[in-house]
Chemist: 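Here it is: the structure, laid out below.
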Amino acid sequence: MDRYLKEFTAITRELLDSQQVRSMGLWRHHGPVTCLDHSLFVAYWTYRAARFLRLDIRAATRGALLHDLYLYDPRDKSAHPGNQCLDHPRAAARNAAGLTDLSQKEQNIILSHMWPLGGALPRSTEAWLVDLVDTICAGLEILRIYHPARLRERLGVQ
């Protein structure tokens, strides 16, 4: 395992060991990509960018990993009150706060990751970064350019 994956794993191990985060692997998010694979993809590339930019690596990485912790089947309209695209950041923030202590920065990262479509305004460089990386990763997944399950396998996450 390279040094970046080791550091990424050290930052996210507590979260990756939780049943809630692992359960994201039960739901499809973008076509064949699970919510867990997508969140790992976003978190890893956020980590790499935040490291390069000398930002708050821990908050950016944790917020990115938890940004889609909504924990329901998005196709089940009875599982969420309205438009999935607009509603899931609030559900993810509630679930993340129940899982671990979140800094204000991490909470804003989760709530604002769908800006400008919905949710809060990003209030830190880290929140803007997660919003951007999430958009790029989702595009790569939707266009079937990259399937992030390879990253999960490299990390040894089941």
Side-chain angles (χ1 to χ4, degrees), residues 1-72 74 85 88-115 119-120 122-143 145-158:
M1 187 181 293
D2 71 28
R3 70 182 179 121
Y4 296 118
L5 283 176
K6 284 181 184 176
E7 185 177 26
F8 175 80
T9 301
I11 293 168
T12 59
R13 178 53 50 209
E14 169 200 351
L15 300 173
L16 291 174
D17 285 344
S18 75
Q19 181 58 38
Q20 294 94 325
V21 170
R22 288 181 182 255
S23 73
M24 290 193 301
L26 298 173
W27 296 290
R28 300 282 174 218
H29 192 58
H30 298 130
V33 177
T34 69
C35 192
L36 178 59
D37 288 333
H38 168 72
S39 294
L40 280 168
F41 189 31
V42 173
Y44 182 72
W45 288 107
T46 295
Y47 154 76
R48 291 293 300 262
R51 194 176 196 285
F52 177 79
L53 296 169
R54 301 179 189 270
L55 300 176
D56 183 342
I57 296 169
R58 186 175 194 280
T61 303
R62 286 169 44 92
L65 182 59
L66 299 172
H67 82 278
D68 279 337
L69 189 71
Y70 50 81
L71 303 179
Y72 56 78
C85 187
H88 79 272
R90 288 184 297 281
R94 279 192 307 273
N95 291 332
L99 173 64
T100 188
D101 289 332
L102 296 175
S103 67
Q104 286 185 335
K105 187 180 286 185
E106 291 167 339
Q107 185 163 4
N108 179 251
I109 288 168
I110 297 166
L111 287 169
S112 66
H113 80 272
M114 290 300 294
W115 189 89
R123 298 193 187 283
S124 65
T125 306
E126 292 82 0
W128 283 106
L129 178 63
V130 171
D131 186 51
L132 175 63
V133 173
D134 181 41
T135 301
I136 292 168
C137 290
L140 293 171
E141 294 162 4
I142 290 166
L143 295 172
I145 293 171
Y146 182 77
H147 194 295
R150 293 179 226 152
L151 177 60
R152 181 176 34 85
E153 292 163 4
R154 287 182 65 200
L155 290 168
V157 175
Q158 301 299 322

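Everything numeric here is computed off the predicted structure, so don't read it as measured data. Hydrogens, waters and symmetry mates play no part in the numbers below; they use all other heavy atoms, side chains included.
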Chemist: Rounded to the nearest 0.5 Å, what separation is found between the CD1 atom of Ile109 and the OG atom of Ser103?
Modeler: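 Separation between the atoms: 6.5 Å.
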Chemist: What do the steps show when you test His67 against His88 for ring pair (Phe, Tyr, Trp, His ring centres under 6.0 Å), and what is the final call?
Modeler: CA-CA 9 Å; His67 82 278; His88 79 272; 7.6 Å; no
Chemist: Quick one: pull up CZ in Phe8 and CH2 in Trp45 and give me the separation to the nearest 0.5 Å.
Modeler: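 These two atoms lie 11.0 Å from each other.
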Chemist: Which heavy atom of Ile110 sits nearest a heavy atom of Gly63, and at what distance?
Modeler: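 In terms of heavy atoms, the two residues are closest at CG1-O, 3.7 Å.
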Chemist: Measure from NZ or CZ of Arg51 to the centre of the six-membered ring of Tyr4, then state whether that distance is under 6.0 Å and the direction lies within 45° of the axis.
Modeler: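 No, a cation-pi geometry is absent between Arg51 and Tyr4.
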Chemist: Is the side chain of Ser124 donor-acceptor paired with the backbone N or O of Ala127 at a distance under 3.5 Å, no angle test?
Modeler: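 Pair found, side chain donor or acceptor close to backbone of Ala127.
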Chemist: Within the structure provided, determine whether Leu65 and Leu16 are in side-chain contact (heavy-atom separation under 4.5 Å).
Modeler: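 Of all side-chain heavy-atom pairs linking Leu16 with Leu65, at least one is under 4.5 Å.
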Chemist: Is it true that, when you exclude Asp101 itself, more than 12 heavy atoms of the residues, nucleotides or ligands shown sit nearer than 6.0 Å to its CG?
Modeler: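 Check fails, neighbour count at 12 or below.
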Chemist: Within the 4.5 Å heavy-atom criterion, are Thr34 and His38 side-chain neighbours or not?
Modeler: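 Answer no - side chains too far apart.
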Chemist: Say whether, by atom type as modelled, one donor and one acceptor occur between the side chain of Asp37 and the main chain of Val33 under 3.5 angstrom.
Modeler: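 Checked: no pair found.
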Chemist: Nearest 0.5 Å please: distance from the CE atom of Met24 over to the OG atom of Ser39.
Modeler: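 The CE atom of Met24 sits 4.0 Å away from the OG atom of Ser39.
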Chemist: Just verifying a value: how many Å separate Leu66 CG and Gln107 CD, rounded to the nearest 0.5 Å?
Modeler: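 CD of Gln107 is found 11.5 Å from CG of Leu66.
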Chemist: Taking the side chain as C-beta and beyond, is there a heavy-atom pair between Val42 and His113 under 4.5 Å?
Modeler: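 No, side chains not in contact.
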Chemist: Side-chain contact, heavy-atom cut-off 4.5 Å: Val21 with Ser18?
Modeler: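 Val21 vs Ser18: side chains touch.
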Chemist: Check whether any side-chain heavy atom of Lys105 lies under 4.5 Å from a side-chain heavy atom of Arg123, and answer yes or no.
Modeler: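 Heavy-atom side-chain distance check fails, nothing below 4.5 Å.
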Chemist: Looking only at heavy atoms, what is the nearest atom pair of Ala60 and Val130, with distance?
Modeler: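 Of all heavy-atom pairs spanning Ala60 and Val130, the closest is O-CG2, 3.8 Å.
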Chemist: Quick check against the 3.5 Å criterion: does Asn95 have a side-chain atom that pairs as donor or acceptor with the backbone of Leu69?
Modeler: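 Confirmed, Asn95 side chain pairs with Leu69 backbone.
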Chemist: Show the nearest heavy-atom pair for residues Leu36 and Arg22, with the distance to one decimal.
Modeler: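 Leu36 and Arg22 have their closest heavy atoms at CD2-O, 4.0 Å.
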Chemist: Is any side-chain heavy atom of Leu129 closer than 4.5 Å to one of Leu55?
Modeler: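 Counting from C-beta outward, Leu55 and Leu129 do come under 4.5 Å.
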Chemist: Other residues, nucleotides and ligands only: do more than 12 of their heavy atoms fall within 6.0 Å of CZ on Arg48?
Modeler: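 For Arg48, atom CZ is crowded (more than 12 foreign heavy atoms under 6.0 Å).
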Chemist: Without swapping roles, check the side chain of Ser23 against the backbone of Gln20 for a donor-acceptor pair under 3.5 Å.
Modeler: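 Confirmed, Ser23 side chain pairs with Gln20 backbone.
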Chemist: With a 4.5 Å limit on heavy-atom distance, are the side chains of Phe41 and Leu140 in contact?
Modeler: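 When only atoms from C-beta onward are counted, Leu140 and Phe41 do touch, with a gap below 4.5 Å.
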Chemist: CG/Leu15 to OG1/Thr61 distance, rounded to the nearest 0.5 angstrom?
Modeler: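 The OG1 atom of Thr61 is 10.5 Å from CG of Leu15, to the nearest 0.5 Å.
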Chemist: If we ignore hydrogens and angles and just use 3.5 Å, is the side chain of Glu126 paired with the main-chain N or O of Asp56 as donor and acceptor?
Modeler: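 Yes, because the side chain of Glu126 sits within donor-acceptor range (under 3.5 Å) of the backbone of Asp56.
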Chemist: May I ask you to test the Leu5-Leu151 pair for a side-chain heavy-atom distance under 4.5 Å?
Modeler: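 Yes. Closest side-chain heavy atoms under 4.5 Å.
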Chemist: With rounding to the nearest 0.5 angstrom, report the CH2 to OG distance, Trp128 to Ser112.
Modeler: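 Between Trp128 CH2 and Ser112 OG, I get 8.0 Å after rounding to 0.5 Å.
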Chemist: May I ask you to check whether Arg62 and Thr100 show a side-chain donor-acceptor distance below 3.5 Å?
Modeler: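 Present: a donor and an acceptor within the cut-off.
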Chemist: Are Lys6 and Asp2 within salt-bridge range, i.e. N to O under 4.0 Å?
Modeler: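 Judged by the 4.0 Å cut-off on N to carboxylate O distance, Lys6 and Asp2 do not form a salt bridge.
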